[in-house]
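Every value quoted in this text rests on a predicted model; they were computed, and no experiment measured them.
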Amino acid sequence: MNESFFRKIENKTGVSMDELFALANAVQHANFQDERQVRKIIRKVGKLAKKDVSKQLEDQIAESILKNGNSLNVGDIQRMIEKNN
């Protein structure tokens with residue numbers, strides 16, 4: 001992809017492409033049955049969305065992901081964070 005495309009995304013979201021690629025890589029290689037990894041991704045999504053994720057909200061999101069065990073939709077995590085802020 002061309003550089004101006006990435007610059008437009010960075011300007012619109014305020015998130016660097018390096019951070020987005022790091023998140024995408026973490027999600028792609030994560031074991032969604034590993035609670036530690038799941039919680040780390042939840043915190044990373046909250047940080048990128050510039051939202052505080054309370055311990056209670058993190059617990060709820062982690063429980064939901066661990067219950068499904070094999071898939072994660074970052075958009076769903078972000079919506080859950082937005083809904084509770």
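- Residue Ala26 comes nearest to Ile41 through the heavy atom pair O-CD1, 3.9 Å, listed as atom of the first residue, atom of the second, then distance.
- Side-chain atoms of Asn25 do not come within 3.5 Å of backbone N or O of Phe21 as any donor-acceptor pair.
- For the atom pair CD of Glu10 and OG of Ser4, the computed distance is 11.5 Å after rounding to the nearest 0.5 Å.
- Between Leu66 and the options Asp34, Val38, Ile61, a side chain to side chain contact (heavy atoms under 4.5 Å, CB included) holds for only Val38.
- Atom OG1 of Thr13 sits about 14.0 Å away from atom NZ of Lys8, to the nearest 0.5 Å.
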Margin query: Checking Glu19 against Leu48 for the side-chain contact (heavy atoms from CB on, under 4.5 Å) test, could you report, in this order, the C-alpha distance in whole Å, the side-chain angles of both residues, the deciding distance, and whether it holds?
Written below: CA-CA 8 Å; Glu19 290 175 307; Leu48 290 178; 3.7 Å; yes
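- Side chain of Gln37 to backbone of Asn31: a donor-acceptor contact under 3.5 angstrom is found.
- For NZ of Lys55, the number of neighbouring non-hydrogen atoms (other residues, nucleotides, ligands) closer than 6.0 Å is greater than 12.
- Arg43 and Glu58 make their closest contact through NH1-OE2, 3.0 Å (heavy atoms, listed as atom of the first residue, atom of the second, distance).
- One finds the CG atom of Asp59 at 8.5 Å from the CD1 atom of Ile42 (value rounded to the nearest 0.5 Å).
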